[in-house]
Amino acid sequence: MRGVLLAVFLAGATALATALATALATLPVKFGDALNPKFHHPRCLQCHQFNSARQQGRAYHSHSARFLCDKCHSTNITGLPRGEWIAPPERMDWTDLNARDTCLLIKRNLAGEDPAQKMLTHLLGDVRVRWALDSGMTPGGRFPAVPGGYAEFAKQAQEWVEGGMLCE
Ligand code: HEC
Ligand code: HEC
């Protein structure tokens with residue numbers, strides 16, 4: 001009798017877990033779920049705040065006299081093609097922004113034919129994004145890459161873009 005009860009209970013629990021997993025899987029994916037913490041990892045931020053006066057990015061202290069980026073961040077260190085190790089303009093700095101505002105900022109520049117494809121191409125194909133996810137190597141040594149690496153990030157980015165790039 002106890003065995004039967006246990007079996008019934010287990011079957012019920014399994015059904016419940018399956019129903020729960022399905023419900024969770026169909027919840028809309030928001031930027032804040034998985035991507036926002038990764039965007040705010042130091043490997044992304046250190047470069048994105050490079051030219052930010054407000055954040056006192058590296059252009060304002062350790063790198064104030066360093067211009068030829070490739071001279072030190074060379075291909076054999078970063079794995080990037082020549083000319084690709086560059087920092088974004090200040091308006092692309094999302095250092096202090098919350099998930100919603102970070103999301104709005106990165107969507108702002110997506111005008112054109114196919115914004116979703118543009119976003120996906122950037123998140124999955126940009127060499128600098130890739131460096132932050134899988135390398136972290138600098139002329140001063142290797143800094144920790146974003147946890148989860150490219151594989152996890154690519155999956156999460158794809159889910160978010162396919163879900164309509166929801167900010168909240
Ligand atoms: C070596 C510096 C560098 C690193 C590291 C870096 N980026 Fe960037 N990022 C750039 C530059 C430069 C641009 C602008 C040029 C372009 O659009 O391709 C940019 C643009 C972007 C944009 C487009 C922003 C907009 O407003 O259009 C997104 C999104 C982005 N990066 C995400 C990331 C994420 C996420 C990471 C970390 C996983 C990261 N970046 C790491 C340099 C970097
Ligand atoms: C003279 C050599 C040299 C030059 C030139 C140079 N860097 Fe650096 N850079 C370094 C060293 C060394 C480090 C590691 C120590 C540190 O964090 O400052 C570094 C670190 C960085 C980091 C921090 C990486 C992280 O994820 O923490 C960024 C971003 C960066 N450099 C961008 C640039 C950009 C953009 C340029 C060109 C405008 C540039 N660097 C030019 C030597 C250089």
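By convention here, the first residue in the shown sequence is residue 1. Owing to the predicted nature of the structure, the values given are computational and were not obtained by experimental measurement. Every number for a ligand or one of its atoms is a count from 1 in the order of the listing.
Protein heavy atom at the shortest distance from atom 12 (C) of ligand 2 is G140 N, 3.6 Å. Here the protein heavy atom with the shortest distance to atom 2 (C) of ligand 2 is C72 SG, 1.9 Å. At the top of the distance list for atom 15 (C) of ligand 2, counting protein heavy atoms only, stands F143 CZ, 4.3 Å. Summary of contacts: the protein heavy atom closest to atom 24 (C) of ligand 2 is T138 CG2, 4.0 Å. In this structure, atom 11 (C) of ligand 2 lies nearest to the protein heavy atom R66 NH1, 3.7 Å. Scanning the protein heavy atoms around atom 36 (C) of ligand 2, the nearest turns out to be C69 SG, 2.8 Å. When only non-hydrogen protein atoms are considered, atom 17 (O) of ligand 2 lies nearest to R58 NH2, 2.5 Å.
Looking at F50 against ligand 1, nothing comes within 4.0 Å, counting heavy atoms. Contact annotation for K71 and ligand 2: no heavy atom of the residue comes within less than 4.0 Å of the ligand. For A87, every heavy-atom contact with ligand 1 shorter than 4.0 Å involves the backbone, none the side chain.
Under the 3.5 Å distance criterion, the side-chain polar atoms of D93 are left unmatched by any main-chain donor or acceptor of E90.
Heavy-atom proximity to atom 41 (C) of ligand 1, evaluated over C47, P89, C44, is greatest for C44. When M92, K107, K118, R108 are ranked by how near their heavy atoms come to atom 14 (C) of ligand 1, first place goes to M92. In this structure, of R130, R128, H122, H41, the residue bringing a heavy atom nearest to atom 30 (C) of ligand 1 is H122.
Here is the list of ligand 1 atoms found below 4.0 Å of a heavy atom in R43: 5 (C). Of all atoms in ligand 1, numbered sequentially from 1 with element shown, those under 4.0 Å from a heavy atom of N109 are 25 (C), 26 (O), 27 (O). Against a heavy-atom cut-off of under 4.0 Å, A132 is close to the following atoms of ligand 1: 37 (C), 38 (C). In the vicinity of W131, heavy-atom distances shorter than 4.0 Å reach the ligand 1 atoms 5 (C).
Within a 6.0 Å radius of CZ in R82, no more than 12 heavy atoms belonging to other residues, nucleotides or ligands are found. Heavy-atom contacts from other residues, nucleotides or ligands closer than 6.0 Å to NZ of K38 number more than 12.
Considering SG of C72 and CZ of R66, their distance stands at 6.0 Å, rounded to 0.5 Å. Of the inter-residue distances, the one linking R142 atom CZ with S135 atom OG reads 5.0 Å to the nearest 0.5 angstrom. Within the model, atoms CG of L104 and CD of E168 stand 7.0 Å from one another, a figure rounded to the nearest 0.5 Å.
Here's the thing with W85: none of its N/O atoms is less than 3.5 angstrom from an N/O atom of ligand 1.
Backbone or side-chain N, O or S atoms of H48 reach atom 8 (Fe) of ligand 1 at under 2.8 Å. H63 lies close to atom 8 (Fe) of ligand 2, since one of its N, O or S atoms is found at a distance under 2.8 Å. Coordination check, H73 versus atom 8 (Fe) of ligand 2: passed, since an N/O/S atom of the residue sits under 2.8 Å.
Contact between W94 and ligand 1 is present, with at least one heavy atom of the residue lying under 4.0 Å from the ligand.
Between H73 and W85, the ring planes lie parallel to each other; the angle is under 30°, not in the 30° to 60° tilted range.
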side-chain hydrogen bond (donor to acceptor under 3.5 Å, both in side chains) evaluation trace for D96 with Q55: CA-CA 9 Å; D96 274 346; Q55 299 297 338; 3.3 Å; yes
